[in-house]
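All chains are named by letter (A, B, ...) in the order of the sequence lines, taking the proteins before the strands, and each is independently numbered beginning at 1.
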Amino acid sequence: MSNIRVRFPPSPTGFLHLGTARTAIFNWLFARKEKGVFVLRIEDTDPTRSKKEYETAIMEDLLWMGLKWDEGPDIGGSYAPYRQSERFAIYQEYAQALLKENKAYECFCSADYLEKEREEALVRGAIPRYNRRCRELSNAERVGLMEKGIVPAIRIKTPLQGEIIVEDIIRGNLTFAYQDLDDFIIQRSDKTPTYNFAVVIDDYLMKITHVIRGEDHLHGNTPRQIVVYQELGWNTPYFGHLPMVLGKDKSKLSKRHGAMGVHEYREMGYLPQSITNYLALLGWSAGDERELFDLEELIRVFDLSRVGKSPAIFDDEKLRWVNHYHISNLNEKEIFDISLPYLIRTDYQVDKNDNRLRKLISSIKSSLHRLEELPARIRFYFKSPELFSISPSEREVLDGVRKDVSLWKEDFSFDEANNFLNDLSQKLGLPKKGYLPLIRKTLTGEEKGVELNIIISSLGRDKVLERLDAILTNHEKQ
RNA sequence: GCCCCCAUCGUCUAGAGGCCUAGGACACGGCCCUUUCAAGGCCGCGGCAGGGGUUCGAAUCCCCUUGGGGGUACCA
């Protein structure tokens, strides 16, 4: 194992989103590729928005995709705890240290005051930055404010001059001016840490070597976090900012773009390997013309240096196609097992040992884009069709067919059924389209769908006979 | 507004100065296969944002413009 360590730090304020999942995939692939360690850390510093159920749901979705972590809140690890809410004392300790070294200071400004300042700045067209009025408070002033009962927040002292260079392994060197940053808060007045502070402390303490995350962190968070590293006297990890994933409207992918949760895609019948495959393709390519991979292959071909810089628009159509590919690649047992829940939830009576059903599903898998399409496609297998009336000439055709079928000693294979269907042309003296649509309608009630020979073979002699008889006797009654 | 980033077919991308009359994939269109719907096979449509440089030579390097995105919290 190399000493490369990456982390995936979701905030449990909602279900795992496709955009977030992609970040997890890139981190995980990088870790596996480099034989490093993948850490799961829960960023629940905001107690009002964080929920335990989301934490559980996120972990389930990660596992479903096949992304197992080496260290995390549930399994522990050398740098536990892995839940930020359990690390508050640590953050406070470092905040105090910065205070003591005069690298941070207490700020007594009220939220209201700050809000008003910001609005005014916006109106003036100025940059809404904190005016640093508490930065040089005298001791006496501080004591005075304390005595008034005001609980201070802690702000870090950002250098007034100079610039920050972010060395990004995906984008190269980027420059930011300290002047565009302000003295941001590292510890709220309720003693909880802010994101940019907690992250730095954790990444450092957890010995994270590569911070790979979305570009949305690049312009605001990364420079601020570098300030924290510097004030603490720590070396920064390597940073790599992935290009954003955008929705059809070209804005950052979010709930506004409809169902974008991993779980929802799972429900629709997307395979985990389809999700990881497609998401890996957003912002990354193998360099040659291959683009269909399962997880293991992805590890082999993945290369962080092949990640691009420009944002990618999420394309549902292509995901569909990728899923179609992976479904086609499933073997008979796999596709059957994974299909069962979709059939059961459609209230079909499913027998888990039904070999014929198993063969049927396997034989039509390549026509599916999502598993949720399956029930409608093989409805004929579970439900008898509605009766309909036929003409005298149609009756003759079905009679002929019936006679033949009744001679079968056993059920037909796909090939045998096919031959049977073809031979009918001779016997009936009709072209195929003169009788095949009628047989289809009789057996399934539909005019289109699965190949007839598969239908006949799957239904078996008795059911075929039964459905022919149903139409025939219905005709007699009229 | 200010700061930062990005820029090849509608979309995802290959392309790291001559291999490019720009390659692949999705989508789309046509044809074939086929009782039908899918699937599949074949063919096709379609792009280097614009303008300046640098160079014998630029999709590739530089600058400007334009366009798009992201960030501007006691959210993460």
Side-chain angles (χ1 to χ4, degrees), chain A residues 9-14 20 43-46 48-50 84 107 109-111 114-115 118 121-130 151-155 166 168 171 174-177 179-182 184-196 198-199 214-223 241 243-244 246 248 250-252 278 281-292 306 308-322 324 328 364-369 373 377 421 431-441 444 446-452:
Chain A
S11 146
T13 53
T20 320
E43 311 225 320
D44 53 353
T45 54
D46 184 343
T48 57
R49 297 201 302 148
S50 298
Q84 290 189 325
C107 173
C109 299
S110 70
L114 261 14
E115 184 56 32
R118 188 190 343 278
L122 253 18
V123 171
R124 281 200 313 274
I127 309 167
R129 262 178 301 172
Y130 175 58
V151 189
I154 299 176
R155 287 181 186 272
V166 177
D168 190 294
R171 285 151 201 279
L174 310 169
T175 310
F176 297 88
Q179 293 159 55
D180 295 324
L181 264 32
D182 57 5
F184 55 94
I185 289 173
I186 56 173
Q187 188 180 96
R188 302 183 189 101
S189 40
D190 66 1
K191 301 270 193 281
T192 60
T194 55
Y195 170 74
N196 282 129
V199 164
E215 194 200 330
D216 46 347
H217 288 271
L218 178 55
H219 315 289
N221 294 330
T222 302
H241 292 90
M244 291 277 85
L246 311 177
K248 272 262 179 290
K250 295 193 171 189
S251 70
K252 187 168 149 184
Y278 177 67
L281 253 23
L282 294 178
W284 170 85
S285 75
D288 49 31
E289 265 147 29
R290 291 174 303 164
E291 49 184 3
L292 265 1
R306 288 201 55 82
K309 303 178 190 177
S310 43
I313 293 172
F314 182 86
D315 182 5
D316 244 315
E317 289 294 332
K318 184 135 181 179
L319 205 210
R320 241 171 70 89
W321 173 78
V322 170
H324 164 251
S328 309
I364 62 144
K365 65 184 179 186
S366 68
S367 70
L368 301 172
H369 285 89
E373 295 160 5
R377 194 133 180 96
L421 254 12
K432 284 188 187 179
K433 59 175 185 269
Y435 60 94
L436 291 179
L438 176 62
I439 298 178
R440 170 184 296 283
K441 183 89 195 291
T444 71
E446 305 281 341
E447 267 142 29
K448 51 185 188 175
V450 177
E451 285 95 326
L452 243 194

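For A:Arg306, the side-chain atoms get nearest to B:rA14 when compared with the rest of B:rA14, B:rU72, B:rC3. Here B:rA76 is the nucleotide among B:rC26, B:rA39, B:rA76 with the atom lying nearest to any side-chain atom of A:Gln84. Residue A:Ala312 has its side chain nearest to B:rC12 when only B:rC5, B:rC12, B:rA76 are considered. The listed nucleotides are B:rU35, B:rA7, B:rC4; the one nearest the side chain of A:Ser310 is B:rA7. Across B:rC12, B:rA38, B:rA76, the shortest atom-to-atom separation from the side chain of A:Ser367 is found for B:rA38. For A:Glu289, the side-chain atoms get nearest to B:rG24 when compared with the rest of B:rA39, B:rG69, B:rG24. Side chain of A:Lys448, nearest nucleotide from B:rA76, B:rC37, B:rC12: B:rC37. Across B:rC12, B:rU35, B:rC3, the shortest atom-to-atom separation from the side chain of A:Glu451 is found for B:rU35. Nearest nucleotide to the side chain of A:Ser11, out of B:rU11, B:rA76, B:rG70: B:rA76. When each of B:rC74, B:rA25, B:rA39 is scored by its nearest atom to the side-chain atoms of A:Glu291, the top-ranked nucleotide is B:rA25.
The separation of B:rC9 from B:rA59, taken at their P atoms, amounts to 15 Å, rounded to a whole angstrom. Atom P of B:rG10 sits at a distance of 14 Å from the matching atom of B:rC45, rounded to the whole Å. When the P atom is compared between B:rC4 and B:rC64, the two are found 12 Å apart, to the nearest whole Å. The P atoms of B:rC3 and B:rC12 are separated by 28 Å, rounded to the nearest whole Å. For the P atoms, the distance linking B:rA49 with B:rG44 amounts to 25 Å, nearest Å. Rounded to a whole angstrom, the distance from the C1' atom of B:rC32 to that of B:rA25 is 22 Å. Spacing between B:rA14 and B:rA22 at atom C1', rounded to whole Å, works out to 10 Å.
Base engagement by A:Glu215 is indicated by at least one non-hydrogen atom pair under 4.0 Å involving a base atom. Across all strands, A:Ser50 comes closer than 4.0 Å to no nucleic acid atom at all (heavy-atom distances). Residue-level contact check: A:Gly308 touches neither bases nor backbone, having no heavy atom under 4.0 Å from any strand. At the heavy-atom level, A:Asn221 lies under 4.0 Å from base atoms of the strands shown. In this structure, A:Thr13 reaches neither bases nor backbone, as no heavy-atom distance under 4.0 Å exists between it and the strands shown.
What separates CZ of A:Arg440 from C1' of B:rA38 is a distance of 11 Å, to the nearest Å. Note: CG (A:Leu181) to P (B:rC3) measures 14 Å, nearest angstrom. Rounded to whole angstrom, the span from the CD atom of A:Glu115 across to the C1' atom of B:rA73 amounts to 9 Å.
In terms of heavy-atom proximity, A:Lys309 sits nearest to A:Arg171 at O-NH2, 3.3 Å.
Between A:Lys250 and A:Arg155, it is A:Lys250 whose nearest contact on RNA chain B lies nearer the 5' terminus. The 5' end of RNA chain B is approached more closely, in terms of each residue's nearest nucleotide, by A:Arg171 than by the other of A:Arg171 and A:Ser285.
In terms of phosphate contacts, A:Thr194 brings no side-chain nitrogen or oxygen within less than 4.0 Å of OP1 or OP2 of B:rC74. Distances shown here put every side-chain N or O of A:Lys318 at or beyond 4.0 Å from the OP1 or OP2 atom of B:rC26. OP1 and OP2 of B:rU35 both lie 4.0 Å or more from every side-chain N or O belonging to A:Lys441. Here A:Arg118 reaches the OP1 or OP2 of B:rC74: one of its side-chain N or O atoms lies under 4.0 Å away. OP1 and OP2 of B:rC74 both lie 4.0 Å or more from every side-chain N or O belonging to A:Ser189.
When side chains are defined from C-beta on, A:Phe314 counts as touching A:Tyr278, because their heavy atoms get closer than 4.5 Å. With a 4.5 Å cut-off on side-chain heavy atoms, A:Pro12 and A:Ser50 count as touching. The closest side-chain heavy-atom distance from A:Leu181 to A:Pro223 is below 4.5 Å.
Remark: the A:Thr192 side chain and the A:Asp190 side chain contain an N/O donor-acceptor pair separated by less than 3.5 Å.
A:Arg306 places no side-chain N or O within 3.5 Å of a backbone atom of A:Trp284 that could act as its donor or acceptor partner. In this structure, the side chain of A:Ser366 does not engage the main chain of A:Ser328 through any donor-acceptor pair within 3.5 Å.
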